[in-house]
Amino acid sequence: MSNEQWILIIDDEQDLAHLMETVLHKEGMANIVTAGTLADGWARFQELDPALVLLDIMLPDGEGYDLCRRIREVSNVPILFLSAKDEEIDKLLGLAIGGDDYITKPFSPKEVAYRVKAQLRRAGFSEEKHVPKNLLIGPFELSANETELKKDGKPIQLTAKEIGLMSCFMHHPNQILSKETLFEHVWGDEFFGSDNTVMVHIRRLREKIEADPSKPAFILTVKGLGYKLQTKGKQR
């Protein structure tokens, strides 16, 4: 990110805030500032005009909802709620008042970083400090602009949604990703668990990358939890 583009983390759990700061730094986002209260968060927001805000709901001097409403009066900056409140009504309220995403604790810091990067892309920011490189995971190679996939050096013809799924898997190798997470990352919409969209696209993706789609070796189903890309390959 350029020197003018800041990420503001407002959370009174200092260890968590510092962990997120470390992970975001590793993902190429250099300018990050933290605040532990609504008052400090608002002051930092006015001072820095950040590119994105990570906002806890339960803070010592009030609720993050109130700060979200205040920010929305002056800015359309992406706001990602971080909260231990996991009831559906809490998530719906957060999105209704102007939040762009709602992430419940405990969460994977890397997944939050992925969602941050997705929101920055949608907002038109470039968060990488370096020239993008192809992503290499196991036998798969995803082009830097995420438009082409190769397996063992040979191109595989995929649809945009299949590329999106593969990108999500390759950024989180050997990690279980829920159907909801995959849907929201690839389709960019709220998931209500009422259709088989993800399942159908996973089946089609397997038909293109697996030697035997009925006995997948790479994209595995984790019963009751979701899917994961099973590979010992590491990003290079």
Side-chain angles (χ1 to χ4, degrees), residues 1-2 4-14 16-17 19-21 23-24 27 29 31-127 164 168 177-194 197:
M1 299 179 67
S2 74
E4 292 77 27
Q5 297 169 3
W6 287 86
I7 292 176
L8 173 59
I9 303 174
I10 306 173
D11 196 313
D12 62 329
E13 296 183 52
Q14 291 188 355
L16 180 60
L19 175 60
M20 281 307 312
E21 185 176 6
V23 172
L24 293 174
E27 291 295 321
M29 289 163 265
N31 301 318
I32 301 166
V33 67
T34 63
T37 65
L38 291 179
D40 191 22
W42 177 241
R44 290 287 190 174
F45 181 85
Q46 292 178 297
E47 173 189 354
L48 298 171
D49 188 22
L52 182 141
V53 177
L54 287 166
L55 178 58
D56 189 18
I57 290 179
M58 303 301 291
L59 291 162
D61 53 345
E63 291 192 329
Y65 294 137
D66 296 328
L67 182 55
C68 178
R69 293 187 183 96
R70 195 170 188 180
I71 290 174
R72 281 291 169 258
E73 292 177 357
V74 297
S75 173
N76 289 321
V77 61
I79 298 174
L80 283 70
F81 281 111
L82 305 176
S83 177
K85 302 175 73 172
D86 59 1
E87 295 294 330
E88 183 179 12
I89 187 64
D90 298 311
K91 180 176 181 180
L92 292 175
L93 175 58
L95 297 175
I97 64 173
D100 295 279
D101 203 348
Y102 191 104
I103 307 164
T104 56
K105 301 177 182 180
F107 50 71
S108 162
K110 284 191 175 182
E111 180 178 350
V112 175
Y114 186 88
R115 294 194 184 196
V116 165
K117 294 170 81 172
Q119 291 292 338
L120 288 170
R121 283 196 299 270
R122 290 177 189 141
F125 292 104
S126 175
E127 71 275 13
C168 201
L177 301 176
S178 69
K179 186 184 294 186
E180 176 181 356
T181 295
L182 291 168
F183 189 91
E184 292 182 355
H185 283 179
V186 176
W187 279 263
D189 295 321
E190 284 301 298
F191 177 78
F192 296 102
S194 59
T197 300

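Remember, predicted model here, so these are calculated numbers, not experimental data.
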With distance as the sole test, does [X] use its side chain to make a donor-acceptor pair with the main-chain N or O of [Y] at under 3.5 Å?
X    : Y   : result
D100 : I79 : yes
R72  : V77 : yes
D61  : A39 : yes

Spacing of [atom1] belonging to [X] relative to [atom2] belonging to [Y], to within rounding of 0.5 Å:
X   : Y    : atom1 : atom2 : value
E13 : M58  : CD    : CE    : 11.5 Å
L38 : C68  : CG    : SG    : 11.5 Å
R70 : E73  : CZ    : CD    : 8.0 Å
D56 : K105 : CG    : NZ    : 3.5 Å
I97 : I71  : CD1   : CD1   : 10.0 Å

Would you mind checking if R115 and E111 are paired as a salt bridge, meaning a charged N to carboxylate O distance below 4.0 Å? yes

With the side chain counted from C-beta on, respond yes when [X] and [Y] share a heavy-atom pair under 4.5 Å apart, and no when they do not.
X   : Y   : value
D11 : L54 : no
V74 : F45 : yes
L59 : T37 : no

If every non-hydrogen atom of [X] is compared with every non-hydrogen atom of [Y], which pair is closest and at what distance?
X    : Y   : answer
T34  : A17 : CG2-CB, 4.2 Å
F107 : L16 : CZ-CD1, 3.8 Å
D40  : A35 : OD2-CB, 3.5 Å
A51  : P78 : O-CD, 3.2 Å
A113 : M29 : O-CE, 4.5 Å
L8   : G41 : CD2-O, 3.6 Å

Name the one of I7, L52, I9, L55 that satisfies side chain to side chain contact (heavy atoms under 4.5 Å, CB included) with L80? L52

Over 60° means perpendicular and under 30° means parallel, so classify the ring planes of Y65 and F81, tilted if in between. perpendicular

Walk me through it: do Y114 and S108 pass the test side-chain contact (heavy atoms from CB on, under 4.5 Å)? CA-CA 10 Å; Y114 186 88; S108 162; over 6 Å; no

